[in-house]
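Okay, so here's the structure we're looking at.
The chain is numbered in sequence order, starting from 1.
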Amino acid sequence: MVGCILTGHGTFAEGLGGALEMVGGPQESFEAVPFHEDEAATFGEKLASAISQMASACDGVLVFCDLMGGTPFNQAMMASASVPNVEVVTGANLPMLLEVLSVRTPASTLDELAECAVTAGRFGVDRKKLELAEDSDDDDLFGEEDGL
């Protein structure tokens, strides 16, 4: 099975990992590796170690980062250069993680999951606006049959 590591600035990885577990349940071969400013000198080693350990136990590692160009991304890219079968995806969001981890099976390839992550991440970003009905003269915005 492909292992997954989530990293990002501050409490991003822990928060998004917690949201993932709340919605999708506990995940096998999944680890959050946060980057806190006070550990900048040791973060690269910490992330590289997590990637190496995951790679030795799994059939590849997919690293999810919060944004391109930041320390977590840069360190993930450097670690991926020395460990085989590691892919790095940026712009991590909850729809991306939910989709990848719900379709991940022991037969899934690293390339398939990385492509799934990018597609789901883009699909999860949209703009919506609630349009109010013009003939509505009461406070019921959703109609009589919607709701509890």
Side-chain angles (χ1 to χ4, degrees), residues 1-132 140-143 145-148:
M1 177 173 288
V2 173
C4 297
I5 293 178
L6 173 61
T7 187
H9 294 82
T11 59
F12 176 83
E14 297 155 317
L16 188 55
L20 170 66
E21 187 169 331
M22 180 180 184
V23 177
Q27 300 298 318
E28 181 182 343
S29 300
F30 179 88
E31 182 179 354
V33 181
F35 168 58
H36 298 287
E37 191 172 358
D38 61 343
E39 60 185 23
T42 60
F43 177 72
E45 294 171 17
K46 177 180 162 183
L47 183 59
S49 175
I51 291 171
S52 291
Q53 288 176 14
M54 186 75 72
S56 69
C58 296
D59 302 321
V61 179
L62 184 55
V63 181
F64 297 91
C65 299
D66 56 355
L67 73 138
M68 190 181 321
T71 298
F73 169 80
N74 293 337
Q75 293 298 321
M77 291 300 294
M78 288 194 295
S80 72
S82 62
V83 178
N85 293 328
V86 177
E87 289 272 348
V88 179
V89 175
T90 66
N93 60 43
L94 188 55
M96 174 191 289
L97 293 175
L98 286 168
E99 182 67 21
V100 168
L101 293 168
S102 69
V103 301
R104 179 177 66 154
T105 68
S108 299
T109 68
L110 181 58
D111 188 57
E112 289 170 343
L113 293 177
E115 192 59 39
C116 175
V118 172
T119 301
R122 287 181 181 146
F123 187 75
V125 176
D126 203 350
R127 180 177 180 203
K128 302 289 185 190
K129 184 176 181 180
L130 180 62
E131 298 290 334
L132 299 177
D140 185 5
L141 297 177
F142 302 104
E145 294 184 23
D146 291 338
L148 298 176

| task | Drop me the distance from S52's OG to M54's CE, to the nearest 0.5 angstrom. | result | 11.0 Å
Which atom pairs, donor and acceptor, lie under 3.5 Å between side-chain atoms of residues 113-127 and protein residues at least two apart or in another chain?
| unit_1 | atom_1 | unit_2 | atom_2 | d |
| --- | --- | --- | --- | --- |
| T119 | OG1 | E115 | O | 3.1 |
| D126 | OD2 | K128 | NZ | 3.2 |

| said: Suppose the criterion is salt bridge (Lys or Arg N to Asp or Glu O under 4.0 Å): which pairs have a residue in residues 1-13, not counting sequence neighbours? | reply: none
| request: Test V89 against M96 for side-chain contact (heavy atoms from CB on, under 4.5 Å), laying out the working first. | output: CA-CA 10 Å; V89 175; M96 174 191 289; 3.9 Å; yes
Expected list for residues 69-79: side-chain donor-acceptor pairs under 3.5 angstrom, two or more places apart:
| unit_1 | atom_1 | unit_2 | atom_2 | d |
| --- | --- | --- | --- | --- |
| N74 | ND2 | G69 | O | 3.1 |
| N74 | ND2 | G70 | O | 3.3 |

| said: To the nearest 0.5 Å, what is the distance between SG on C4 and CG on L97? | reply: 8.0 Å
| said: Can you tell me how far apart CD (E112) and OG1 (T105) are? Round to the nearest 0.5 Å. | reply: 8.0 Å
Review item, side-chain donor-acceptor pairs of residues 11-27, under 3.5 Å, at least two apart:
| unit_1 | atom_1 | unit_2 | atom_2 | d |
| --- | --- | --- | --- | --- |
| Q27 | NE2 | G24 | O | 3.1 |
| Q27 | NE2 | G25 | O | 3.0 |

Check residues 59-67 and write down every donor-acceptor pair under 3.5 Å in which the side-chain atom is one partner and the other belongs to a residue at least two apart or another chain.
| unit_1 | atom_1 | unit_2 | atom_2 | d |
| --- | --- | --- | --- | --- |
| D59 | OD2 | M1 | N | 2.9 |
| D66 | OD1 | H9 | ND1 | 3.4 |
| D66 | OD2 | H9 | N | 2.8 |
| D66 | OD2 | H9 | ND1 | 2.8 |

| said: Between S49 (side chain only) and E45 (backbone N and O only), is there a donor and an acceptor less than 3.5 Å apart? | reply: no
| query | When rounded to the nearest 0.5 angstrom, what is the spacing between OG in S56 and CD1 in I51? | reply | 12.0 Å
Please output the side-chain donor-acceptor pairs of residues 30-43 that fall under 3.5 Å, not counting sequence neighbours, one pair per line with the distance.
| unit_1 | atom_1 | unit_2 | atom_2 | d |
| --- | --- | --- | --- | --- |
| E39 | OE2 | H36 | N | 3.4 |
| E39 | OE2 | K46 | NZ | 3.1 |
| T42 | OG1 | E39 | O | 3.3 |

